Number of protein chains: 2
Amino acid sequence: MKIGELSKRTGVSVRMLRHYEELGLVRPQRTAAGYRTYGAGDIGTIKRVVLLNKAGLELRRLRHLIGCELGDNGMRTQLCAPLQSVLASKHAELARQISDLRKSYKMLSRLLAAQELSMPAPDRR
Amino acid sequence: MKIGELSKRTGVSVRMLRHYEELGLVRPQRTAAGYRTYGAGDIGTIKRVVLLNKAGLELRRLRHLIGCELGDNGMRTQLCAPLQSVLASKHAELARQISDLRKSYKMLSRLLAAQELSMPAPDRR
DNA sequence: GTACGGTCTGACATGCATGTCAGAGTCAAG
DNA sequence: CTTGACTCTGACATGCATGTCAGACCGTAC
């Protein structure tokens with residue numbers, strides 16, 4: 001598929017898909033005319049990239065995980081040692097992050113609940 | 001307390017504490033000489049700011065929540081309507097975000113577990 | 001008073017993810 | 001052919017959180 005379609009299917013902008021390639025996160029083939037051609041597997045790759053990126057892993061770092069090292073099956077093994085430690089600390093950080101987000105979530109929940117209570121009237125048609 | 005101390009107590013850089021003030025998130029008093037003077041309550045305020053910011057709320061937006069509107073007790077009520085809707089959508093987004101992070105967390109867990117298995121030997125002194 | 005550490009303001013700089021625009025080529029449908 | 005939608009590259013721009021540096025002041029300890 002071409003880049004536009006992949007963009008629609010993944011929800012990632014064309015701009016970013018090109019950027020991902022620039023960073024080595026995907027390796028689309030090229031048509032004679034130079035158009036990028038993606039395989040079905042790339043959809044999954046892109047989604048993993050987005051997920052891990054949201055988790056706070058910089059795109060640059062993902063390069064060593066996704067694409068070459070992470071196979072289509074999901075994950076291949078053997079990462080270099082420094083990367084492993086980065087991952088390990090990220091993993092720990094993630095746990096903290098999740099608990100932080102939970103706190104924020106609760107804070108917002110309380111705040112919003114308070115709003116409802118103190119609303120003059122729902123007034124929503 | 002002065003800014004340096006608050007920085008140590010909250011883990012937020014002096015630079016950022018000043019920035020927070022710039023954005024109206026804290027209102028330290030000033031000594032005759034112009035030094036910022038923070039109260040004990042500001043520690044909590046700063047921590048809430050950090051938490052909500054980590055949750056993806058921009059500092060600018062927090063201005064309407066923290067400081068004036070969020071009392072020392074944790075939260076005061078009555079936010080303006082547009083802000084409420086921002087918050088509500090952020091709240092929903094947060095739920096999604098948390099579940100995403102869980103996925104990432106699991107992905108990393110699996111990856112790291114695989115590493116251990118395929119390690120030549122722990123070799124850790 | 002001298003010095004040293006903390007502070008002040010203001011500006012410049014950086015990293016990262018993203019958007020947008022321009023100029024040129026591609027391609028399928030009519 | 002011609003047109004319109006899509007793509008390509010490359011550059012410029014933005015938003016946000018942050019860092020760093022300079023030049024000047026404040027204050028306490030000696």
Side-chain angles (χ1 to χ4, degrees), chain A residues 1-39 42 45-67 86 90 93 97 100-101 104, chain B residues 1-39 42 45-67 86 90 93 97 100-101 104:
Chain A
M1 84 195 88
K2 279 180 290 178
I3 200 168
E5 194 184 339
L6 183 60
S7 170
K8 273 172 203 152
R9 295 214 189 167
T10 58
V12 174
S13 73
V14 169
R15 169 71 169 79
M16 287 312 289
L17 288 176
R18 295 202 187 109
H19 188 47
Y20 287 175
E21 180 184 5
E22 213 168 75
L23 298 177
L25 303 181
V26 265
R27 304 279 172 84
Q29 309 220 218
R30 297 293 186 125
T31 69
Y35 282 22
R36 273 164 263 249
T37 309
Y38 297 88
D42 290 327
T45 302
I46 297 298
K47 288 192 174 166
R48 277 199 297 279
V49 166
V50 170
L51 200 66
L52 290 173
N53 183 231
K54 273 189 195 164
L57 284 141
E58 291 160 20
L59 293 177
R60 295 196 157 284
R61 283 193 210 286
L62 264 50
R63 168 154 160 258
H64 303 285
L65 294 189
I66 302 286
V86 169
K90 214 59 191 177
E93 193 184 320
Q97 219 170 312
D100 279 356
L101 283 196
S104 304
Chain B
M1 83 195 90
K2 278 178 292 179
I3 200 168
E5 194 184 339
L6 182 60
S7 171
K8 273 173 201 151
R9 293 213 191 170
T10 58
V12 174
S13 73
V14 169
R15 169 69 171 81
M16 287 312 289
L17 288 177
R18 296 202 187 107
H19 189 47
Y20 286 175
E21 180 184 5
E22 215 167 73
L23 298 177
L25 303 180
V26 266
R27 303 280 171 84
Q29 310 218 219
R30 297 293 185 127
T31 69
Y35 281 21
R36 273 164 264 250
T37 308
Y38 297 88
D42 290 328
T45 301
I46 296 298
K47 289 192 174 166
R48 277 199 297 279
V49 167
V50 169
L51 200 66
L52 290 174
N53 183 232
K54 274 189 196 166
L57 283 142
E58 291 159 21
L59 292 178
R60 294 196 159 283
R61 283 194 210 286
L62 263 51
R63 168 153 161 257
H64 304 283
L65 295 189
I66 301 287
V86 170
K90 213 61 190 173
E93 192 184 320
Q97 219 170 312
D100 278 356
L101 283 196
S104 304

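Chain A is the first sequence line, chain B the second, and so forth, proteins listed ahead of strands; every chain is numbered from 1. Just so we're clear, the structure is a prediction, and the values are computed from it rather than from any experiment.
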*asked:* At less than 4.0 Å, is any side-chain N or O atom of B:R36 found next to OP1 or OP2 of C:dT7? Yes or no.
replied: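 For C:dT7, neither OP1 nor OP2 has a side-chain N or O of B:R36 closer than 4.0 Å.
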[X] [atom1] to [N] [atom2], straight-line distance once rounded to whole Å:
X     : N      : atom1 : atom2 : value
A:Y38 : D:dC6  : OH    : P     : 16 Å
B:L23 : D:dA17 : CG    : P     : 8 Å
A:H19 : C:dT20 : NE2   : P     : 16 Å
A:E22 : C:dA17 : CD    : C1'   : 12 Å
B:I3  : D:dC26 : CD1   : C1'   : 15 Å
A:E21 : D:dT7  : CD    : P     : 14 Å
A:Y20 : D:dC8  : OH    : C1'   : 20 Å

Nearest 0.5 Å, please: how far is [atom2] in [Y] from [atom1] in [X]?
X      : Y     : atom1 : atom2 : answer
A:D42  : A:T10 : CG    : OG1   : 10.0 Å
A:L52  : A:L59 : CG    : CG    : 10.0 Å
B:L101 : A:Q97 : CG    : CD    : 5.5 Å
B:S7   : B:M1  : OG    : CE    : 11.0 Å

Check: protein-nucleotides 25-27 of chain C nitrogen or oxygen pairs below 3.5 Å:
| unit_1 | atom_1 | unit_2 | atom_2 | d |
| --- | --- | --- | --- | --- |
| C:dG25 | N2 | A:Y35 | OH | 3.0 |
| C:dT26 | O4' | A:Y35 | OH | 3.0 |
| C:dT26 | O2 | A:Y35 | OH | 3.4 |

Check nucleotides 28-30 of chain D for protein N or O atoms closer than 3.5 Å to its own N or O atoms and list the pairs.
none

Between protein and nucleic acid, restricted to nucleotides 14-16 of chain C and to nitrogen or oxygen atoms under 3.5 Å apart, what atom pairs and distances do you find?
| unit_1 | atom_1 | unit_2 | atom_2 | d |
| --- | --- | --- | --- | --- |
| C:dC16 | OP1 | A:E58 | OE1 | 3.1 |

*Go through the structure and list residues passing salt bridge (charged side-chain N to carboxylate O under 4.0 Å, His left out) with B:K47, not counting sequence neighbours.*
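Partners of B:K47 by the salt bridge (charged side-chain N to carboxylate O under 4.0 Å, His left out) criterion come out as none, since no residue qualifies.
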*List in chain and number order the residues that pass salt bridge (charged side-chain N to carboxylate O under 4.0 Å, His left out) with B:K54, two or more places apart in sequence or in another chain; answer none if no residue qualifies.*
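Result, salt bridge (charged side-chain N to carboxylate O under 4.0 Å, His left out) vs B:K54: A:D100.
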*After noting the C-alpha distance and the side-chain angles of A:M16 and A:N53, does the key distance pass the side-chain contact (heavy atoms from CB on, under 4.5 Å) rule?*
CA-CA 12 Å; A:M16 287 312 289; A:N53 183 231; over 6 Å; no
*Side-chain donor/acceptor of A:S104 to backbone N/O of B:L51, under 3.5 Å*: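 A pair under 3.5 Å: yes.
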*asked:* If you take any heavy atom closer than 4.0 Å to DNA chain D, which residues from residues 8-17 of chain B end up in contact?
replied: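 B:S13, B:R15, B:M16 - these, ordered by number, are the residues of the stretch whose heavy atoms sit under 4.0 Å from the strand.
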*Which pairs pass side chain to side chain donor-acceptor pair (under 3.5 Å) with one or both residues in residues 11-26 of chain B, sequence neighbours excluded?*
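Sorted result for residues 11-26 of chain B: B:H19-B:E22, B:E21-B:R30, B:E21-B:R36.
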*B:R9: side chain to side chain donor-acceptor pair (under 3.5 Å) partners, not counting sequence neighbours*: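 Only B:E5 meet the side chain to side chain donor-acceptor pair (under 3.5 Å) criterion with B:R9.
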_Residue list, side-chain contact (heavy atoms from CB on, under 4.5 Å) with A:A32, at least two apart or on another chain_ =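 Checked A:A32 against side-chain contact (heavy atoms from CB on, under 4.5 Å); zero matches.
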